[in-house]
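Have a look at the structure below before the remarks.
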Amino acid sequence: MKIAVTYENGQIFQHFGHTEHFKIYDIDNGQMTAVRVVDTNGSGHGALAGFLRGLAVDTLICGGIGAGAQQALGEAGIRLYGGVSGEADDAVAALLAGKLTFDPNVKCSHHEGEHHHGEHAHGASCGSHGCGGHH
């Protein structure tokens, strides 16, 4: 298991799409075997899911996160624990202990829109460029 946490000064950074660092935790048999902080090198929003997948991350802990980024993470096969705040290390320890408090309906407040009815139908995601077939 490899966990990434949006990271700033020891804390969970609250905007996934604007995070400049992830703290990466390698977990083996429920124990942390390696920890490092990586710089996102200016990747933002959608690109971050690919960045995490490139690091073989399978789990993300973060604060706020928009719907587009959530969808990209889902497509990358990364489990999301959002709406989490506080110390990054404490959150990972809580997750490993099965005690992490997170918000399954997390949103980024600035992404609030008209979509209050759950998930989009396939191919109808906002801002995707897969909108062919309107001829």
Side-chain angles (χ1 to χ4, degrees):
M1 183 177 187
K2 193 173 274 201
I3 304 171
V5 183
T6 52
Y7 187 72
E8 186 175 69
N9 299 327
Q11 302 291 310
I12 299 167
F13 185 67
Q14 290 301 301
H15 273 257
F16 172 78
H18 298 164
T19 193
E20 293 181 8
H21 301 97
F22 288 104
K23 193 163 184 179
I24 309 291
Y25 300 79
D26 291 355
I27 310 298
D28 199 11
N29 293 325
Q31 301 296 315
M32 287 181 210
T33 56
V35 180
R36 67 190 191 281
V37 175
V38 297
D39 190 318
T40 61
N41 298 317
S43 299
H45 292 283
L48 288 171
F51 177 82
L52 291 173
R53 188 166 56 184
L55 295 170
V57 164
D58 55 38
T59 305
L60 171 70
I61 298 173
C62 67
I65 182 168
Q70 288 187 33
Q71 186 177 346
L73 288 168
E75 289 167 2
I78 296 171
R79 279 188 304 277
L80 170 65
Y81 296 90
V84 183
S85 58
E87 296 275 337
D89 293 357
D90 291 352
V92 171
L95 178 62
L96 295 177
K99 295 183 178 144
L100 181 66
T101 305
F102 67 100
D103 177 2
N105 302 311
V106 66
K107 291 190 178 58
C108 255
S109 53
H110 61 267
H111 288 291
E112 286 298 323
E114 313 78 290
H115 301 290
H116 296 296
H117 41 261
E119 297 180 27
H120 292 299
H122 280 293
S125 61
C126 300
S128 79
H129 10 267
C131 296
H134 292 299
H135 308 301

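Because the structure is a prediction, the values reported are computed rather than measured.
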Distance col, row E20:CD vs T40:OG1, nearest 0.5 angstrom, shows 6.5 Å

Quick check for you: to the nearest 0.5 Å, what is the distance between Y81 atom OH and L60 atom CG?
10.5 Å

Just by distance, do the side chain of D39 and the backbone of N41 share a donor-acceptor pair under 3.5 Å?
yes

Given the rule that I, L, V, M, F, W and Y join up when any side-chain heavy atoms are under 4.5 Å apart, are F102 and I12 in one cluster?
yes

When you group the ILVMFWY residues by side-chain heavy-atom contacts below 4.5 Å and let the links chain together, are V106 and I61 in the same group?
no

Count I, L, V, M, F, W, Y as connected when their side-chain heavy atoms are under 4.5 Å apart, and connections chain through other members. Are V57 and I3 then in the same cluster?
no

Measuring from atom CG of D26 to atom CE of M32, what distance do you get when rounded to the nearest 0.5 angstrom?
11.0 Å

Give me the atom names and distance for the closest heavy-atom approach of A88 to V5.
CB-CG1, 3.8 Å

With rounding to the nearest 0.5 angstrom, report the CG to CG distance, L95 to D90.
12.5 Å

Give me the atom names and distance for the closest heavy-atom approach of A91 to V84.
CB-CG1, 4.1 Å

With no hydrogens and no angle check, is any side-chain donor or acceptor of Q70 less than 3.5 Å from a backbone partner on L80?
no

Could you tell me which non-hydrogen atom of A4 sits nearest to which non-hydrogen atom of I24, and how far apart they are?
CB-CD1, 3.7 Å

With rounding to the nearest 0.5 angstrom, report the OG1 to CG distance, T59 to L73.
10.5 Å

According to a hydrophobic-cluster definition based on side-chain heavy atoms being under 4.5 Å apart (Ile, Leu, Val, Met, Phe, Trp, Tyr only), do Y25 and L100 belong together?
yes

Does D58 reach the main-chain N or O of K2 with its side chain, forming a donor-acceptor pair under 3.5 Å?
yes

Looking at NE2 of H18 and CZ of F13, how far apart are the two atoms once the value is rounded to the nearest 0.5 Å?
7.5 Å

Does Q14 use its side chain to pair, donor to acceptor, with the backbone of I65 at less than 3.5 Å?
no

